[in-house]
Number of protein chains: 2
Amino acid sequence: MLGTLIIGAGFAGLSAAETLEKRGDGSFVVLEARDRVGGRTKRGMLGDLPVDLGGMWMAPSQTELARLAETRRVRTYPTYLDGKAIFQFGGRQRLGQREELGPLLGLRGGIGYLLARRHLGRLMEPLDCARPWAHPDAARLDATTVDSWIRENIGNRLLRSAFRTVTATLFCAEPSQISLLFFLHYLKSAGGLDVLISADEGGAQNLLFHGGLHQLSRMMAADLGQRVHLRSPIDAIEWGPGHVTARSGARSWTARNAIVTVPPTMLDTITFTPELPRAKMALHDRLVMGSALKFWVMYDRPFWREAGLNGTILSDEAPATPIMDVSPPGQKRGLLVGFFDGDEAIRHADMTRRERSRIVIDVLVAHLGEQARTPLAYLDQDWRAEEWSRGCYGAFAPPGVLSSYGAHLSAPVGPIHWAGTETSDVWTGYVEGAIRSGQRAAAEVAAPNALAISA
Amino acid sequence: MLGTLIIGAGFAGLSAAETLEKRGDGSFVVLEARDRVGGRTKRGMLGDLPVDLGGMWMAPSQTELARLAETRRVRTYPTYLDGKAIFQFGGRQRLGQREELGPLLGLRGGIGYLLARRHLGRLMEPLDCARPWAHPDAARLDATTVDSWIRENIGNRLLRSAFRTVTATLFCAEPSQISLLFFLHYLKSAGGLDVLISADEGGAQNLLFHGGLHQLSRMMAADLGQRVHLRSPIDAIEWGPGHVTARSGARSWTARNAIVTVPPTMLDTITFTPELPRAKMALHDRLVMGSALKFWVMYDRPFWREAGLNGTILSDEAPATPIMDVSPPGQKRGLLVGFFDGDEAIRHADMTRRERSRIVIDVLVAHLGEQARTPLAYLDQDWRAEEWSRGCYGAFAPPGVLSSYGAHLSAPVGPIHWAGTETSDVWTGYVEGAIRSGQRAAAEVAAPNALAISA
C-alpha cells in the first residue's frame with residue numbers, strides 16, 4: 001500500500017509531494033486530471049515568448065515561492081513602474097506617480113481612503129486568519145457584503161467607485177457577492193490592502209519570473225518522475241480508518257492517506273464513500289470561484305514609456321482593467337497584461353477571442369494613443385472554460401459561509417487531508433498560499449493523530 | 001423528429017407535458033433521472049399510512065395545484081388548528097390561539113412586528129416578481145442580507161430571534177446567507193409574509209391531501225404512458241437552431257425543442273454543447289439549494305389535543321422546528337410533521353435516523369409531555385441525500401446574484417426553455433410555482449419566435 005495519494009498537480013499538490021520526498025516519505029503518487037501540471041498557472045505563447053496565462057506575480061513576502069524559484073534558479077524582474085500610471089474614476093482621468101489610490105482621488109477622496117483603510121484595519125485587528133470564524137464580531141461581519149460596507153462607510157463617490165473596482169480586481173467577483181468577513185480574512189492573510197494592490201516593493205504585483213512562473217511546476221514535476229500521473233481525473237474516493245482508494249475510470253490507487261488539492265468548488269465532481277461531513281458539503285455548495293479573463297498584448301516596443309507612462313491603467317469604466325507593463329528586460333518588445341474581472345469577465349466570455357481583442361485594443365488606444373492600434377500579438381485565457389479550474393484566481397465566500405462552515409475548509413476527514421490555496425491562512429488565493437497549504441497537509445500526514453478528526 | 005424533450009418528471013415537467021398534450025402537441029418524451037416521478041415530492045410509509053416526504057401543503061391561492069387535485073379527485077383537509085400553539089422564543093414559552101407571531105412576543109415585540117412587516121411591505125411595493133432586478137433599489141437590496149436587515153430594523157431581541165427562525169423555516173437557509181432582494185421577491189410571489197407563515201385559511205400550510213400530494217404526480221405520469229422514461233439521467237445536451245439532442249449514456253433523443261426542469265443548482269451535471277451563456281452559468285454557480293430534513297412521527301392518537309394543544313411548535317431553541325399536527329381526519333392516529341431547517345438540517349445530517357429520532361422525541365416530550373416518549377413510528381427524509389435534488393425546498397439567491405443574472409433563470413437559450421419552481425414568478429419555491437413554470441414553458445414552445453433569445 002502506498003503512503004499517500006496526492007490529488008492534483010498544481011502548486012499545492014507538487015509542494016506536498018516535495019515535502020514528503022524531503023522527509024523520506026517518497027511512497028506517493030500525484031494524480032492530475034489534466035494533461036499538464038501547474039493548476040491555475042499555465043504556459044501560453046505570445047508570439048515567440050512564453051507567458052503566464054494564470055498566476056504570474058510574486059510579492060517579496062511570498063517566501064516559499066521565492067525559495068522555490070531560488071532552488072530552481074529561476075530569476076525575477078520587477079513590474080515596470082517608471083513613469084506615470086493612468087487612473088480613471090468617475091469619468092475623470094488622472095496620472096499618478098505611484099499606485100496609491102488615495103491622493104489620486106482629490107482631497108476628499110484621499111481623506112476618505114485613509115479613513116476607510118483605518119476602519120478596515122480596526123475590523124481586521126482581532127481577526128486570526130487561522131480561525132476567522134472566531135472574530136468577536138464574526139456573525140455580523142459575515143452577514144455583511146463588501147458592497148454594503150462600502151455604501152455605509154465611504155461617502156465620496158469617486159472613492160466608492162474605486163473601491164468597487166479594486167475589490168473586483170482582487171477577488172474577480174463583485175463586491176455585492178462577497179462576505180465582509182471573508183474580505184478581511186483575505187486581506188489580512190496577505191498583509192493588508194496596500195500589499196495586495198501594490199506593484200511597488202513589497203506589493204503583490206512586484207516581481208515577475210523570467211520565462212514565467214508556470215515553469216516552476218514543470219520543474220517540480222520533473223523531479224517526481226513517474227509518480228506524477230497526468231490525465232487521471234478522480235471520480236470516486238472511498239475511505240476508512242487508515243486507508244483511501246481513489247478511482248479514475250477503471251484505474252485505482254490505494255494508500256494510507258490522501259491529500260486532496262482540488263478546489264473546494266469542484267469537490268462535488270468526486271463521489272466520496274462514505275460521504276463527507278454535511279457541513280463540509282455545505283461549504284463546497286456555497287463557495288464560488290472567481291471569474292477572470294486574462295489577456296496579453298505584445299507590441300514591437302513599449303512605446304508608452306516614451307510618453308512618460310508606465311503602462312498601468314486602472315479604470316472604473318473600461319471593461320478590461322487593470323492593465324500593466326510586464327515586459328521582460330533584455331528584449332525589445334512591449335508586453336501588456338490585463339484582466340476582465342468579475343462581471344466583466346462574465347459579460348465578455350461569450351464573445352470570440354477576436355471580438356475581445358478589439359475591446360482590449362480600444363481601451364489601450366483610448367489611454368495610450370493610436371500606436372496601440374496595431375499589436376504584434378494578442379492572447380487571452382478564459383479560466384471558467386478550464387474544465388478543472390472553472391474560474392480564477394480563487395474561490396470567494398458569500399455571506400454567512402465562513403463563520404458557519406469555515407473550519408471545514410482544511411480540517412482532515414479521517415485519512416483525507418485538504419490542501420489548495422483556499423485552505424491556506426497565509427496568502428490565501430495566491431500561489432504562495434497553495435505552496436504553504438501543500439506543506440501543511442504533508443506535515444499533517446506525518447503526524448496524523450495530532451490533527452485528524454473523524455467525519 | 002420529436003416535438004419536445006422534457007427533462008425532469010417533477011410537477012414542472014409533468015405540467016409541461018400535460019399542457020402540450022391538451023394543445024395537441026403530443027409529440028414529446030419526459031426524461032427522468034430517478035426511478036420515480038414527483039421530483040421534490042415523494043411518497044413514504046409511516047407505519048401503514050402513505051405520507052409526503054417532500055412538498056405536501058396547499059394554499060387556497062394555489063389555484064393550479066387545486067385544479068390538478070380537483071380533476072384527479074384528490075380531496076383536501078385542513079391542518080389541525082383547534083387549540084393552542086406553542087411558541088418558544090428567547091427562553092420563554094407562550095401559548096397562542098393563532099399563528100400570528102406579533103402578539104405572542106409581548107407589546108414591544110408585537111409593535112416591532114407590525115413595523116417590520118410595514119417596512120417589508122414598502123420595500124416590496126415596487127417589486128415586479130417577473131423582473132425583480134428592475135426594482136428601483138435593486139442593487140442596494142441585493143447587496144444586503146436578510147440578517148443585516150433584521151439587525152438594522154428590528155430592535156426587540158425576541159422578535160429578532162423569531163424573525164431569524166421563521167426565515168430559516170421558509171428558506172431552509174440561514175438569514176445571513178440570503179439576499180434581501182431575493183427574500184422580498186419570494187415573499188411577494190406568494191402573496192406576502194403572512195400568507196407564507198400561516199396555516200389558517202389563506203395560508204401556505206392550510207390544506208393537506210388525503211393520501212398525499214405526491215400521488216398527483218403518479219396520476220399525471222400514468223396518463224402520459226410510455227412517453228415517460230424513468231432512469232434516464234441526462235448527461236449531455238447538444239443544441240442548435242431548431243434542434244436539441246439529449247443524451248443519457250448511450251441513449252439519445254432529438255426534438256425541435258427542449259424544456260429543462262432540472263433545478264438550476266444541478267445544471268452543471270449536464271454538459272451543454274455549445275455552452276450556455278456565461279451569465280446563466282454564473283447564476284447556476286451561485287444559487288444554493290436549501291437544506292431541509294423532514295420528519296414524521298406517529299402516535300396512537302393525537303393526545304396533545306386533549307390538553308388543548310393543536311400540536312404546532314415553533315421555537316428558536318429546538319433544533320427540530322416547526323412541528324405541526326397533520327393527522328388526516330377519518331382515522332384515529334396522531335401524526336406530527338416537522339423539519340430541521342437550514343444549519344439545523346446540516347448539523348443533524350451526519351447522524352443516523354435513530355439518533356435524529358431521539359432528538360425529535362426529546363423536543364416533543366419537552367413541549368407535549370411524557371406521552372410523546374413512545375411513538376408508533378418515526379420516519380425522516382434528508383433531501384440533500386437525494387441525488388437528483390440535493391436539497392429542498394428550493395434554491396435561494398445569495399447577495400448580488402438576482403440583480404445581476406436573474407433574467408437568465410427563465411430566458412430561453414435557442415431551442416431550450418427552462419422550467420422548475422425556481423423559474424416561476426408566482427409561488428416560487430412551491431409546487432404551485434413548479435406547475436405554473438411548466439405551463440409557461442409549454443406556452444413558449446408553442447410560440448418560440450416571440451420569446452426565444454439566442455445564446
Side-chain angles (χ1 to χ4, degrees), chain A residues 139-152 173-181 265-266 268-269 271 274-283 285-289 291 293 342-343 345-351 382 384-385 387 390-391 397-401 403-405 454-455, chain B residues 139-152 173-181 265-266 268-269 271 274-283 285-289 291 293 342-343 345-351 382 384-385 387 390-391 397-401 403-405 454-455:
Chain A
R140 191 181 62 83
L141 295 173
D142 205 25
T144 306
T145 64
V146 175
D147 196 67
S148 269
W149 179 85
I150 290 171
R151 283 167 192 268
E152 279 162 37
E174 300 306 309
S176 62
Q177 299 175 8
I178 305 168
S179 148
L180 182 58
L181 182 67
T265 47
M266 295 197 53
D268 65 350
T269 63
T271 303
E275 275 192 347
L276 296 177
R278 187 61 58 87
K280 186 167 177 63
M281 293 167 69
L283 175 70
D285 286 348
R286 283 160 177 77
L287 293 175
V288 179
M289 197 52 105
S291 302
L293 254 155
D343 276 0
I346 290 167
R347 271 192 276 275
H348 291 83
D350 297 331
M351 298 178 175
D382 172 6
R384 179 62 176 82
E387 186 185 354
R390 298 198 192 157
V401 175
S403 60
S404 293
Y405 325 114
S454 76
Chain B
R140 191 181 62 82
L141 296 173
D142 205 25
T144 306
T145 65
V146 175
D147 196 67
S148 270
W149 179 86
I150 290 172
R151 284 167 192 268
E152 279 162 36
E174 300 305 308
S176 61
Q177 299 175 8
I178 305 167
S179 149
L180 181 59
L181 182 68
T265 47
M266 295 197 53
D268 65 349
T269 63
T271 304
E275 275 192 348
L276 297 177
R278 186 61 59 87
K280 186 167 176 63
M281 292 167 70
L283 176 71
D285 286 348
R286 284 160 177 76
L287 292 176
V288 179
M289 197 52 104
S291 302
L293 253 155
D343 276 0
I346 291 166
R347 270 193 277 274
H348 291 84
D350 297 332
M351 297 178 177
D382 172 5
R384 178 63 176 79
E387 186 184 355
R390 299 198 193 157
V401 175
S403 60
S404 293
Y405 325 114
S454 75

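Each chain gets a letter, A, B and so on, in the order the sequences are listed, and its residues count up from 1.
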Checklist entry - For B/V401, which residues count as a side-chain contact (heavy atoms from CB on, under 4.5 Å) partner, sequence neighbours excluded? => result B/L283, B/R286, B/L287, B/A397, B/P398, B/Y405

Item to check | Set of residues satisfying side-chain contact (heavy atoms from CB on, under 4.5 Å) with respect to B/E387, sequence neighbours excluded | outcome: none

What are the two closest non-hydrogen atoms of [X] and [Y], and how far apart are they?
X	Y	result
A/I346	B/A282	CD1-CB, 3.6 Å
B/A143	A/D147	CB-OD2, 3.4 Å
B/D350	A/L276	OD1-O, 4.3 Å
B/S176	A/P399	O-CB, 3.2 Å

Item to check | Pair A/R278 + B/D382, salt bridge at N-O below 4.0 Å | outcome: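 Here A/R278 pairs with B/D382 in a salt bridge, since their nearest N and O are under 4.0 Å apart.
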
Item to check | Salt-bridge present (A/R384, B/D285; N to O < 4.0 Å) | outcome: yes

Checklist entry - If you count heavy-atom pairs under 4.5 Å between each of A/H348, A/R151, A/M281, A/E174 and chain B, which one has the most? => result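 Top count of heavy-atom pairs under 4.5 Å with chain B: A/R151.
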
Checklist outcome for this item: Applying a strict 4.5 Å limit to non-hydrogen atoms, the region of A/R140 in contact with chain B is both

Next on the checklist: Just so I understand: if I count every heavy-atom pair under 4.5 Å between each of B/A385, B/S291, B/A139, B/A345 and chain A, which residue has the most?
Outcome noted: B/A139

Checklist entry - Looking at B/S404, B/S148, B/S403, which has the largest count of heavy-atom pairs under 4.5 Å with chain A? => result B/S148

Item to check | Per-residue contact mode, B/A173 against chain A (heavy atom under 4.5 angstrom) | outcome: neither

Checklist entry - How long is the gap from CE on B/M266 to CG on A/D268, to the nearest 0.5 Å? => result 9.5 Å

